[in-house]
Amino acid sequence: MPCTIYRLLSTEYDLTSSEDEFLHFENPYQILIATILSAQTTDRTVNLVTKDLFARYPDPVSLSTARQQDVEKIIHRTGFYRAKSRNIIAAAQVLVNLYGGEVPDEINKLIELPGVGRKTANIVVHHAFDRADGIAVDTHVGRLSGRLGLSDESNPDRIEQDLLKLFPKKIWGDINGLFILHGRKVCRARKPSCSCCVLSSLCRYAALNTLQ
């Protein structure tokens with residue numbers, strides 16, 4: 001079933017032409033900072049603020065010496081702006097002090113950075129270094145995994161471990177993007193459109209709600 005899910009979603013959504021649906025970035029530093037900022041907000045909102053943020057702080061060195069109040073003003077609309085400002089400045093300082101201003105390409109090093117968990121680390125490794133060492137589990141991936149019966153866990157790290165066992169490694173990098181697009185367009189949190197879902201015949205949630 002997992003491979004069938006992947007095939008159906010790959011037919012439905014073209015990740016290569018969906019860049020505008022996701023975070024905009026030009027280098028590992030930008031995708032790292034943008035992903036930290038994306039917590040509890042939309043990619044569209046992050047893309048709006050990072051234009052100004054990266055214009056003013058184009059690299060880890062410049063961000064590492066930024067005043068928190070100045071960063072807060074730029075990223076205010078992303079929510080939780082005080083904590084996020086502290087985290088991205090502190091992360092930039094670690095990059096400068098430990099990695100010569102470069103973003104490390106290993107998950108175990110990335111998760112040591114302030115504001116970075118496995119989801120962010122997986123996204124950075126995949127998009128910045130074109131490698132999939134795991135599956136990034138955000139709210140969409142977690143929701144679809146539960147509804148499809150791929151995982152009964154609620155903890156993102158445990159959901160990831162279930163998904164890693166089910167999907168071949170060569171497609172790990174695509175799972176996050178495909179699940180996000182499907183979660184936004186069809187399998188929404190409040191009103192999933194099961195009647196027009198390409199996965200309805202495979203979905204535990206659809207089967208249960210059809211019987212009701």
Side-chain angles (χ1 to χ4, degrees), residues 1-16 18-19 21-23 31-32 34-46 79-80 107-108 110-111 115-212:
M1 187 180 75
C3 289
T4 301
I5 289 172
Y6 172 77
R7 178 178 57 79
L8 290 171
L9 291 180
S10 296
T11 302
E12 194 76 3
Y13 307 106
D14 181 6
L15 290 176
T16 62
S18 301
E19 291 87 352
E21 300 272 0
F22 300 104
L23 297 172
I31 187 60
L32 170 65
T35 308
I36 295 174
L37 295 178
S38 70
Q40 303 298 315
T41 192
T42 65
D43 288 355
R44 178 176 296 181
T45 298
V46 175
F80 303 98
I107 288 180
N108 63 330
L110 286 165
I111 61 176
V116 177
R118 281 196 61 86
K119 182 200 81 170
T120 297
N122 276 318
I123 289 173
V124 171
V125 168
H126 176 55
H127 291 288
F129 302 106
D130 195 26
R131 196 178 75 242
D133 292 343
I135 296 174
V137 177
D138 60 8
T139 55
H140 296 291
V141 176
R143 181 171 71 254
L144 266 68
S145 296
R147 287 179 175 175
L148 289 166
L150 300 175
S151 176
D152 290 319
E153 299 288 349
S154 58
N155 179 281
D157 291 349
R158 292 178 180 175
I159 294 173
E160 180 188 5
Q161 293 307 308
D162 286 341
L163 297 180
L164 294 179
K165 296 172 185 176
L166 294 171
F167 290 98
K169 185 173 183 178
K170 64 181 180 180
I171 64 173
W172 285 357
D174 292 339
I175 297 301
N176 176 263
L178 292 172
F179 276 35
I180 286 176
L181 291 175
H182 195 61
R184 288 175 179 170
K185 299 176 184 296
V186 178
C187 193
R188 294 178 290 273
R190 294 185 179 180
K191 292 184 178 181
S193 301
C194 298
S195 62
C196 62
C197 177
V198 295
L199 303 179
S200 59
S201 64
L202 304 172
C203 181
R204 178 174 61 182
Y205 179 91
L208 291 173
N209 282 271
T210 300
L211 293 174
Q212 293 179 354

With sequence neighbours excluded, residues passing ring-ring contact (aromatic ring centres under 6.0 Å, His included) with Tyr13: His182

Straight-line distance of Ile135 CD1 to Ile175 CD1, nearest 0.5 Å: 5.5 Å

Phe179 vs Leu150, side-chain contact (heavy atoms from CB on, under 4.5 Å): CA-CA, chis, key distance, verdict: CA-CA 12 Å; Phe179 276 35; Leu150 300 175; 4.0 Å; yes

Counterpart residues, side-chain hydrogen bond (donor to acceptor under 3.5 Å, both in side chains), relative to Glu12 (two or more places apart): none

Heavy-atom pair with the smallest gap, counting every atom of Gly115 and Ile36: O-CG1, 3.9 Å

Gly134 backbone acceptor or donor facing Arg118 side chain under 3.5 Å: no

Partners meeting side-chain hydrogen bond (donor to acceptor under 3.5 Å, both in side chains) with Arg7 (sequence neighbours left out): none

Note, Leu208 side chain near Arg204 side chain (heavy atom, < 4.5 Å): yes

CD1 on Ile159 to CG on Leu164, rounded to 0.5 Å: 11.5 Å

Atom CZ of Arg158: over 12 foreign heavy atoms under 6.0 Å: no

Atom pair CZ (Phe80) and OG1 (Thr41), whose distance is rounded to the nearest 0.5 Å: 9.5 Å

Sole candidate of Val186, Leu9, Leu15, Asn176 that passes side-chain contact (heavy atoms from CB on, under 4.5 Å) when paired with Leu181: Leu15

Close side-chain approach of Ile180 and Asp43, heavy atoms under 4.5 Å: no

Interatomic distance, Ser38 atom OG to Ile123 atom CD1 [nearest 0.5 angstrom]: 6.0 Å

Qualifying residues under side-chain hydrogen bond (donor to acceptor under 3.5 Å, both in side chains), relative to Arg131, sequence neighbours excluded: Asp133

Pair up each side-chain donor or acceptor in residues 188-198 with any protein partner under 3.5 Å, not counting sequence neighbours, and list the distances.
{"from": "Arg188", "atom 1": "NH1", "to": "Lys185", "atom 2": "O", "distance (Å)": "2.5"}
{"from": "Arg188", "atom 1": "NH2", "to": "Ser193", "atom 2": "OG", "distance (Å)": "2.8"}

Min side-chain heavy-atom separation Leu202-Leu8 under 4.5 Å: yes

Heavy atoms of other groups near Arg44 CZ, more than 12 under 6.0 Å: no

Asp130, CG atom: more than 12 neighbouring heavy atoms under 6.0 Å: no

Residue pair Asn122 / Glu160, side-chain heavy-atom distance below 4.5 Å: yes

Min side-chain heavy-atom separation Pro156-Lys119 under 4.5 Å: no

From Leu32 atom CG to Leu110 atom CG, the distance as rounded to the nearest 0.5 Å: 7.0 Å

Set of residues satisfying side-chain hydrogen bond (donor to acceptor under 3.5 Å, both in side chains) with respect to Asp174, sequence neighbours excluded: Tyr6

Shortest non-hydrogen separation from Ser10 to Leu178 and the atoms involved: OG-CD1, 3.6 Å

Backbone of Ser151 reached by a side-chain donor or acceptor of Asp162 within 3.5 Å: no

